[in-house]
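This report refers to the structure that appears directly beneath it.
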Amino acid sequence: MNPCRIGAIRSGVRKPKPRRNHSVANPRLDLCPQLGTRFALLFFSVWICQPSALFAQSGVAFDVPALVAVIPVDSTHETNSTAASPHRLSVQTVSQGRRNTCRYLVSLDVNAVFSEPQQFQSVMYEITPMSRIGQVIDYAPQTQATSDWAGEISSESVANKNFLLNTNLNASLPGYGTAGFLLNSTNSENTISRQSFKAPLTAVVTSGLSQRGRGVFFRFTTSRESIIEGGQKLQFVLEVPQTWRGDLLHIHCVARNVERTTHRDFLTAVTILGDETTQSMAERFAAADYETDQLLRRLNISQRPTNVLSELEQAFSRRSSSGDQIDLQRVRQSLMSANSLKQIPQYPQLPQRLRTSIDNYLDTKLGMLQLSSPMTND
């Protein structure tokens, strides 16, 4: 059987590039368009380098709770978790050998809003207690996968084999006549092969432990059957010493698309449900966190240039004025891990009202961290 070849021929006519007419009187200089393009690029680069412009153009806004009240978990019974996960939180057989510990169920309602939802492929939330004295022993939702195919995938292949033999023999003898011999043989064979494959799976939820079991992460991926925009309920069981009364959760949010990755960090105060003293401390920390964030936003807006000339002047004199310019993005990031005023960059250059707010923020933050230390709570 002769194979059949299929070929593709591409053809086309490429138009020649038009040449510039130099014979025209008073030709137009090329310097002005080049300078205009360079000024436009310079203006665009100065505008996008500002932290507020970066945040405005990120296309995603995260929202996490300011404070959360945890619920005690009995180790001898199963924890009835939310129906969002196919696996219920079960802690009856985990870490039974550890004594003088308590287990608490932590539930967080997080949200992500996109300016263009079709451009984002995944959202991740990583949650880590700042005290790092607890152990995550269970979490929900757990890893889930789906398929874009309905049922199995079938593959069928057909092989044809043909065999043909033709023989013709003629002989003649003088005086006796002519003799002939003809042989025809045809053999045809068809082979059909059918195979079935499982449909490929796509992870819509990926979750697991992080920071050597001290934290947990949840990644949501868009698919035909899942939407990553909107609210998600995250739950995990935290095993801590019996003297534990509260903590701060560091929530790291990440949104990914084809072009860039957007990060945002939050601190959430955690207290025990029904403990009025710790709940009051958590409310003061949430208020201090909100006030500091608002003052940083206002200062960032006031530092932005108001016209094109001031932006260009700031770009050309960046080296000489870098010592006076306050890096508010760096100040905001330092508040996540700072425990003293020495760890705040450019603190003496900040306005008095902002410094007072940061002082209150650090005091309430240290108060929340002391709730998790067994050395200070007997």
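Sequence positions, counted from 1, serve as the residue numbers for this chain.
Following chains of ILVMFWY side-chain contacts shorter than 4.5 Å, one cannot reach Leu371 starting from Ile71, and the two form parts of different hydrophobic clusters. Note: the hydrophobic cluster containing Leu366 does not contain Leu335 (ILVMFWY, side chain heavy atoms under 4.5 Å, direct or indirect links). Note on Leu295: it clusters hydrophobically with Tyr347, by side-chain heavy-atom contacts below 4.5 Å among ILVMFWY residues. Residues Leu67 and Val270 fall into different hydrophobic clusters, defined by Ile, Leu, Val, Met, Phe, Trp and Tyr side chains chained together at heavy-atom separations under 4.5 Å.
Aromatic ring orientation, Phe114 versus Phe120: parallel (interplanar angle below 30°, classes split at 30° and 60°).
Residues Leu273 and Tyr104 form no side-chain contact, since every pair of their non-hydrogen atoms from C-beta on lies 4.5 Å or further apart. Ile251 places a side-chain heavy atom less than 4.5 Å from the side chain of Leu108. A 4.5 Å side-chain heavy-atom check between Ile326 and Leu350 finds at least one atom pair inside the cut-off. Val110 is listed as a side-chain neighbour of Leu234, based on a closest heavy-atom distance under 4.5 Å. Considering only heavy atoms from C-beta on, Ser372 stays 4.5 Å or farther from Val240 through its side chain. For the pair Ile344/Val331, a side-chain contact is recorded, criterion being any heavy-atom separation below 4.5 Å from C-beta on. Side-chain contact between Tyr361 and Leu267: present, with at least one pair of heavy atoms (C-beta onward) separated by less than 4.5 Å. Put simply, the side chain of Met368 reaches to within 4.5 Å of the side chain of Thr271, judged on heavy atoms.
Interatomic distance, Asp363 CG to Phe285 CZ, rounded to the nearest 0.5 Å: 12.0 Å. Distance CE/Met281 to CZ/Arg245: 8.0 Å, rounded to 0.5 Å. Here the OH atom belonging to Tyr125 is positioned 9.5 Å from the CZ atom belonging to Phe266, to the nearest 0.5 angstrom. Here OG of Ser207 is found 8.0 Å from CZ of Phe220. Values are rounded to the nearest 0.5 Å. Here the CG-CZ distance, from Leu209 to Phe217, works out to 8.5 Å after rounding to the nearest 0.5 Å. From Thr101, atom OG1 reaches atom CD of Gln135 across 11.0 Å, with rounding to the nearest 0.5 Å.
Taking every heavy atom of both residues into account, Gln343 and Pro345 meet most closely at O-CD, 3.5 Å. Gly208 approaches Tyr139 most closely through the heavy-atom pair CA-OH, 3.6 Å. Annotation for Ser122 and Ile228: closest pair N-CD1, 3.8 Å, computed over non-hydrogen atoms. Residues Gly59 and Arg260 come closest through the heavy atom pair N-NH2, 4.4 Å. Listed here is the closest heavy atom pair of Val68 and Ser107: CG1-O, 3.4 Å. The nearest pair of heavy atoms linking Ala203 to Thr221 is O-CB, 3.3 Å.
At a cut-off of 3.5 Å, with distance as the only test, no side-chain donor of Thr222 or Gln121 sits close to an acceptor on the other residue.
More than 12 non-hydrogen atoms from other residues, nucleotides or ligands lie less than 6.0 angstrom from CZ of Arg355. Counting non-hydrogen atoms of other residues, nucleotides and ligands closer than 6.0 Å to CD of Gln118 gives a total above 12.
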Using the rule given for side chain to side chain donor-acceptor pair (under 3.5 Å), can you reason through Arg330 versus Gln333, listing the C-alpha separation, both sets of side-chain angles and the distance that settles it, and then say yes or no?
CA-CA 5 Å; Arg330 184 183 175 190; Gln333 292 295 330; over 6 Å; no

Intermediate values then yes/no, side chain to side chain contact (heavy atoms under 4.5 Å, CB included), Ile272 and Val70
CA-CA 5 Å; Ile272 302 176; Val70 299; 4.2 Å; yes

Test side chain to side chain contact (heavy atoms under 4.5 Å, CB included) on Val136 and Ile127 and set out the steps.
CA-CA 10 Å; Val136 178; Ile127 307 171; over 6 Å; no

Going through the checks in order, is the side chain to side chain donor-acceptor pair (under 3.5 Å) test met by Ser357 and Arg353?
CA-CA 6 Å; Ser357 179; Arg353 185 179 178 182; over 6 Å; no

Working for side chain to side chain contact (heavy atoms under 4.5 Å, CB included), residues Val64 and Leu249:
CA-CA 11 Å; Val64 302; Leu249 296 180; over 6 Å; no

Could you check Thr356 against Asn360 for side chain to side chain contact (heavy atoms under 4.5 Å, CB included), going step by step and ending with a plain yes or no?
CA-CA 6 Å; Thr356 303; Asn360 186 27; 5.9 Å; no

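Sorted by first then second residue, the salt bridge (Lys or Arg N to Asp or Glu O under 4.0 Å) pairs that include residues 105-133, not counting sequence neighbours, are Asp109-Lys233.
Using modelled atom types, no side-chain atom of Lys365 and backbone atom of Leu248 make a donor-acceptor pair closer than 3.5 Å.
Partner Arg332 forms a salt bridge (charged side-chain N to carboxylate O under 4.0 Å, His left out) with one of Asp289, Asp293, Asp327 and no other, that one being Asp293.
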